[in-house]
Enquirer: 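Next up is a structure, given as structure tokens.
In what follows, every heavy atom counts, from backbone to side chain, and hydrogens, waters and symmetry copies are set aside. Numbers here are sequence positions counted from 1.
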Amino acid sequence: MPELSHRRRMLVLSICCMSLLIVSLDNTALNVALPSMQRELHATTSGLQWAIDAYTLVLASLLMLAGSTADRIGRKRVFMAGLVIFTAGSLLCSLAPNLELLVVFRMVQAVGGSMLNPVAMSIITNTFTDPRERARAIGVWGAVVGISMAAGPLAGGLLVESVGWRSIFWVNLPVGLAALLLTLRFVPESRAPRPRRPDPVGQVLVIALFGSLTYAIIEAPDVSLTQVLPFAAAAVAALLALLIYEPRRAEPLIDLRFFHSAPFSGATGIAVSAFAALGGFLFLSTLYLQNVRGLDALHAGLWMLPMAVPTLLCAPLSGRLVGSRGPRLPLLIAGAAMTVSGLLFALFEAETSNVTLFLGYVLFGVGFGFVNAPITNTAVSGMPRAQAGVAAAVASTSRQLGQTLGVAVIGAVLAAGIGSSPYRDTFVSAARPGWWILAACGAAVLVLGFLTSGRWAHRTAERTAERLETAEVRQPVGTSG
């Protein structure tokens, strides 16, 4: 890809951030709408979980395929296809007559979304070649997540109260169309110099793993053990098959050699932990504020601002710290803040007091604001630029898998604790194990951030990059194992 002027690079970054905005805004706004959807569509707790997880599950399953496909046939081309499908899926979601079709249309949305975030990150990585400039660009990228968290609940609340939950999906239509036209005009095409072949077997195994695992977790409280065990066994079998099959291919869907790099492995684990905490936090908070406190969607959205605003403010600061001092400090701040937030709810029932609820939300927002930039920068910085799409897709997959598991696990714990009782009577006690899980996720971010950001970890990243580059030179294009 030719070197672009500073102004053109900023424009490309803005266009890529638009795609992240509609994807992130859609998820955060939809969380505020869950109680309204529950009433109109007569959904159970597991039904609400599927409304969220159907999207993140398909997204997680297809991100690596989208990243490698973009590296092969062109990032701009795949990015534009993603915008078209995501926008069309949003329109279908707004017209869904029942929960079942809403879940199906959310999956259509996710097919398009899988072509947006990892491909956009790959475009950014190849546009900003200077490490410091790239870190700042990724900080801006992370700030967009904060903007969506700040604007999503508030905009979602306004839309739900004034028009209805379906209008949340309408927001994506003009933004998606504008991003499509701007991409067509200003984003240059780029692709990897050595395209990778498709891996259909690996893709099927990934779908089987994620789908079976999520189904087993979500449905566990509502069905018998004999109905859940086959899906759990299928998930284990798919994982073992991936570990055996993928190393035998010269061009696998998941290049397990990436995980020889301690920073890359750490970034993957941190992404799963942090986004599991986010998914569970939003799910619990939304149901508590509306079903227990009795707030309407707008006021519930306002209550989410103490979490969203710190995320917005801390994300660019995190990007600058990563560029100047490395990822360790932002990760330690993130892990500590998220752990303390979870402990406030688990130990002191923070949701029962306005002061502690506010403090818990602020701490979680600070932690999540600091965590995103070091995840992304660490995941892509140690990898060869030719495989930037695959590396970025693995990082994005980890995020979506984490959010999927967070909603699935926390929702299952909550459903088991509440049973057939009213939310108001049992929510605080039923949610306590969930808050302990969120605190453990924060502790995982703290420990992994410390262990995988030192000098020895950096040396493993350098050795891994050298091996990957050597293997790329030796491996003829188009061969398979």
Side-chain angles (χ1 to χ4, degrees), residues 1-5 8-20 22-23 58-59 61-89 108-129 134 137-138 141 175-200 202-203 206 250-255 258 376 379-380 383-397 468-469 472 475-480:
M1 188 170 69
E3 188 70 24
L4 303 178
S5 67
R8 183 75 173 271
R9 290 197 300 272
M10 292 298 105
L11 182 57
V12 171
L13 174 62
S14 300
I15 295 168
C16 290
C17 286
M18 289 176 69
S19 72
L20 176 63
I22 57 175
V23 172
V58 173
L59 204 61
S61 300
L62 298 180
L63 282 170
M64 287 177 287
L65 174 63
S68 59
T69 301
D71 280 350
R72 183 171 62 254
I73 70 173
R75 296 170 182 125
K76 177 179 179 178
R77 182 180 301 175
V78 172
F79 187 68
M80 291 178 63
L83 287 169
V84 171
I85 297 172
F86 184 86
T87 305
V108 174
Q109 256 193 319
V111 173
S114 70
M115 303 178 190
L116 297 180
N117 288 3
V119 180
M121 179 50 62
S122 182
I123 292 172
I124 290 172
T125 302
N126 283 270
T127 300
F128 295 88
T129 55
R134 181 196 300 153
I138 291 172
W141 172 268
V175 180
L177 180 60
L180 179 65
L181 296 176
L182 290 171
T183 301
L184 181 65
R185 175 65 179 85
F186 295 108
V187 175
E189 183 62 279
S190 65
R191 54 176 58 86
R194 301 180 66 85
R196 302 169 65 82
R197 293 183 62 182
D199 180 10
Q203 182 61 60
V206 166
E251 296 174 329
L253 177 70
I254 308 173
D255 196 332
F258 284 6
T376 306
V380 301
M383 297 297 114
R385 286 180 61 193
Q387 297 185 18
V390 180
V394 173
S396 295
T397 297
L468 289 169
E469 288 173 344
E472 285 290 320
Q475 176 65 42
V477 177
T479 61
S480 61

Enquirer: Can you sort out the partners of T183 under side-chain contact (heavy atoms from CB on, under 4.5 Å), two or more places apart, ordered by chain and number?
Expert: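 Applying side-chain contact (heavy atoms from CB on, under 4.5 Å) to T183 gives I15, K76, F79, M80, L83, V187.
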Enquirer: List in chain and number order the residues that pass side-chain contact (heavy atoms from CB on, under 4.5 Å) with A70, two or more places apart in sequence or in another chain; answer none if no residue qualifies.
Expert: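 For A70 the side-chain contact (heavy atoms from CB on, under 4.5 Å) partners, ignoring immediate neighbours, are R75, V78, V119.
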Enquirer: If you compare all heavy atoms of M18 against all heavy atoms of A179, which two are closest, and at what distance to 0.1 Å?
Expert: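 Looking at all heavy atoms of both residues, the shortest contact is CE-N, 3.7 Å.
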Enquirer: Check whether any side-chain heavy atom of P198 sits under 4.5 Å from a side-chain heavy atom of Q203, and report yes or no.
Expert: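 They are not in side-chain contact.
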Enquirer: Looking at G113 and L59, what are the two nearest heavy atoms and their distance?
Expert: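 Closest pair (atom of G113, atom of L59, distance): C-CD1, 3.2 Å.
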Enquirer: Any non-hydrogen side-chain atom of T87 less than 4.5 Å from a side-chain atom of L177?
Expert: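 T87 vs L177: side chains apart.
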Enquirer: Which heavy atom of A66 sits nearest to which heavy atom of S114, and what is that distance?
Expert: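 Scanning both residues completely, I find the closest heavy atoms to be CB-O, 3.0 Å.
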Enquirer: Taking all non-hydrogen atoms of both residues, which atom of E189 and which atom of R77 are closest, and how far apart?
Expert: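 Heavy-atom minimum between the residues: OE2-N, 3.3 Å.
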Enquirer: Taking side chain as C-beta onward, heavy atoms only, is L13 less than 4.5 Å from T127?
Expert: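 Side-chain contact under 4.5 Å: no.
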Enquirer: Which residues satisfy the side-chain contact (heavy atoms from CB on, under 4.5 Å) test with V111, sequence neighbours excluded?
Expert: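 Applying side-chain contact (heavy atoms from CB on, under 4.5 Å) to V111 gives V58, L62, I85, M115.
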Enquirer: With rounding to the nearest 0.5 angstrom, report the CZ to OG1 distance, R72 to T69.
Expert: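 One gets 4.5 Å once the value is rounded to the nearest 0.5 Å.
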Enquirer: As a test of understanding, state which of L65, V206, L253 forms a side chain to side chain contact (heavy atoms under 4.5 Å, CB included) with D199.
Expert: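 Option passing the side chain to side chain contact (heavy atoms under 4.5 Å, CB included) with D199: L253.
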Enquirer: Considering non-hydrogen atoms only, spot the tightest contact between A137 and I124 and give its length.
Expert: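 Of all heavy-atom pairs spanning A137 and I124, the closest is CB-CG2, 4.2 Å.
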Enquirer: Taking all heavy atoms of Q109 and all of F86, pick out the closest pair and write down the distance.
Expert: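 For Q109 and F86, the tightest heavy-atom pair comes out as O-CD1, 3.3 Å.
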Enquirer: Sequence neighbours left out, what passes side-chain contact (heavy atoms from CB on, under 4.5 Å) with R8? Give chain and number order.
Expert: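 side-chain contact (heavy atoms from CB on, under 4.5 Å) list for R8, sorted by chain: L4, S5, F186, P188.
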